[in-house]
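Letters A, B, ... mirror the listed sequences (proteins, then strands); counts begin at 1.
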2 protein chains.
Amino acid sequence: MRKESSTNNINEKRLREMCGTSYALSIIGGRWKPTIICRLMDGKVRYSELRDSIAGVSERMLVQQLRELEKDGILIRIVHPQVPPKVEYELTEDGLCMQPMLTKMSEWGNNHKAKYQKEELV
Amino acid sequence: MRKESSTNNINEKRLREMCGTSYALSIIGGRWKPTIICRLMDGKVRYSELRDSIAGVSERMLVQQLRELEKDGILIRIVHPQVPPKVEYELTEDGLCMQPMLTKMSEWGNNHKAKYQKEELV
DNA sequence: CTCATTTCTTACGTTTTAGTAAGTACCTAA
DNA sequence: TTAGGTACTTACTAAAACGTAAGAAATGAG
């Protein structure tokens, strides 16, 4: 339950509004979100494919992160009314155009990680 | 206190190691970190200047985030042995070269935010 | 009727992050 | 001797994020 008036909440909101970087972080910050978005970069994917291709994620977490990404306009949920059910997820335009940002993050991350691991050997 | 063996921890570590994006997120993900890094982009800044230029941050939070960024090799702490004390913080090379990543994040964030706010008016 | 399949939902507990409020150590200047 | 400035610490609490385990609806196949 979220207390609207907590400083925690006020600080988060203020930063989200003032700072594009904080805003972006608040959207991709969930543990499984970058992975989900990457999986969807090439097109629609079914729920079960997503679940099976992301090692270590529980269904609860997967669903939760998908719902949040949907609410934030990053992806859409496509339900095919059939039995057994079939649900697909697809990135929106806003989700797709995260690509350059995610690439930069990945580049920086991999560089820094490699460098750190090398320094540890010295 | 961090439990080494929790699944939570295992999942975080695995993602950090496998995925550059998750690794980057784990470093800039603290609430005040992007702001701190931005403030330092133009050069050394004193502790008190940092504190006064970041609205809403408590000293505890500021110190904590600075320590983490230091530990992760993003900035260094420069102590001038004088009274009253003077401490400056400065980005390392790895901190400085976050610039393009932060720019992309900020761009995406601001675009998406603007779009969302427009959609709400429709 | 019972089973299988898919896509979740619910109840609950643990771990991590963020925040408040107060205190500390140092030396100087008055 | 007392007040003041800088850069923190410490103890405590609240809230959010993450995770496990089990269940549930819908319906066709056997």
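Between the CD atom of B:Gln64 and the C1' atom of D:dT10 there is a distance of 13 Å, given to the nearest Å. Note: CG (A:Leu25) to C1' (C:dT17) measures 14 Å, nearest angstrom. Taking atom CD of B:Gln82 as the reference point, atom C1' of C:dT28 lies 13 Å away to the nearest angstrom. Rounded to an integer number of Å, the gap from B:Leu62 CG to C:dA18 C1' is 14 Å. A straight line from CD of A:Glu88 to P of C:dT6 spans 14 Å, rounded to a whole angstrom. A straight line from CD1 of B:Ile36 to P of C:dA18 spans 11 Å, rounded to a whole angstrom. Between the CE atom of B:Met61 and the P atom of D:dA11 there is a distance of 16 Å, rounded to whole Å. Taking atom NZ of residue A:Lys86 and atom C1' of nucleotide D:dA26, one finds them 18 Å apart after rounding to whole Å.
Mapping B:Gly56 and B:Val83 onto DNA chain C by nearest heavy atom places B:Gly56 closer to the 5' end of the strand. Between A:Arg46 and B:Gly29, the residue anchored closer to the 5' end of DNA chain C is A:Arg46, taking for each the nucleotide with the nearest heavy atom. If A:Trp32 and A:Glu59 are placed on DNA chain D by their nearest nucleotide, the residue sitting closer to the 5' end is A:Trp32.
Dashed line: the shortest gap from a side-chain N or O of A:Ser48 to OP1 or OP2 of C:dT7 is under 4.0 Å. Side-chain nitrogen and oxygen atoms of B:Asn8 include none within less than 4.0 Å of the OP1 or OP2 phosphate oxygen of D:dA17. Taking side-chain N and O atoms only, B:Tyr47 has no distance below 4.0 Å to OP1 or OP2 of D:dG5. Contact between the side-chain N/O atoms of B:Thr7 and the OP1/OP2 oxygens of D:dT20 is found at a separation under 4.0 Å. Phosphate proximity of D:dC8 to B:Arg67: present, with a side-chain N or O under 4.0 Å from OP1 or OP2. Note on A:Tyr89: every side-chain N or O is 4.0 Å or more away from OP1 and OP2 of C:dT7. Within the structure, every side-chain polar atom (N or O) of A:Arg51 is placed at least 4.0 Å from both OP1 and OP2 of C:dT6. The phosphate of D:dA7 (OP1 or OP2) has no side-chain N or O of B:Arg77 nearer than 4.0 angstrom.
Of all nucleotides listed (D:dT9, C:dG19, C:dT15), D:dT9 comes nearest to the side chain of B:Val63. In this structure, of D:dC8, C:dT20, D:dG5, it is D:dG5 that holds the atom nearest to the side chain of B:Pro84.
Counting heavy-atom neighbours within 6.0 Å of A:Lys44 NZ, excluding the residue itself, gives a total of 12 or less.
Between the B:Arg31 side chain and the B:Met61 main chain, no donor and acceptor come within less than 3.5 Å of each other. The backbone N or O of B:Glu17 lies less than 3.5 Å from a partner atom in the side chain of A:Lys113, making a donor-acceptor pair. Using a distance-only test at 3.5 Å, with no hydrogens or angles considered, no donor-acceptor pair links the side chain of A:Lys33 to the main chain of A:Gln65. Counting only distance, with no hydrogens or angles, the side chain of A:Trp108 and the backbone of B:Gly20 share no donor-acceptor pair below 3.5 Å. Under the 3.5 Å distance criterion, the side-chain polar atoms of A:Ser106 are left unmatched by any main-chain donor or acceptor of A:Leu102. A donor-acceptor pair under 3.5 Å is absent between the side-chain atoms of A:Arg39 and the main chain of A:Glu49, judged by distance alone.
No N or O donor and acceptor, one from the side chain of B:Arg60 and one from the base of D:dT9, sit under 3.5 Å apart.
If you check every strand for non-hydrogen atoms under 4.0 Å, A:Gln65 touches sugar and phosphate atoms only.
Of the residues A:Glu12, A:Arg16, A:Lys13, the one that meets the side-chain hydrogen bond (donor to acceptor under 3.5 Å, both in side chains) test with A:Ser26 is A:Arg16.
Between its two ends, the helix from C:dC1-D:dG30 to C:dA30-D:dT1 turns its axis by 30°, counting five pairs per end and rounding to 10 degrees.
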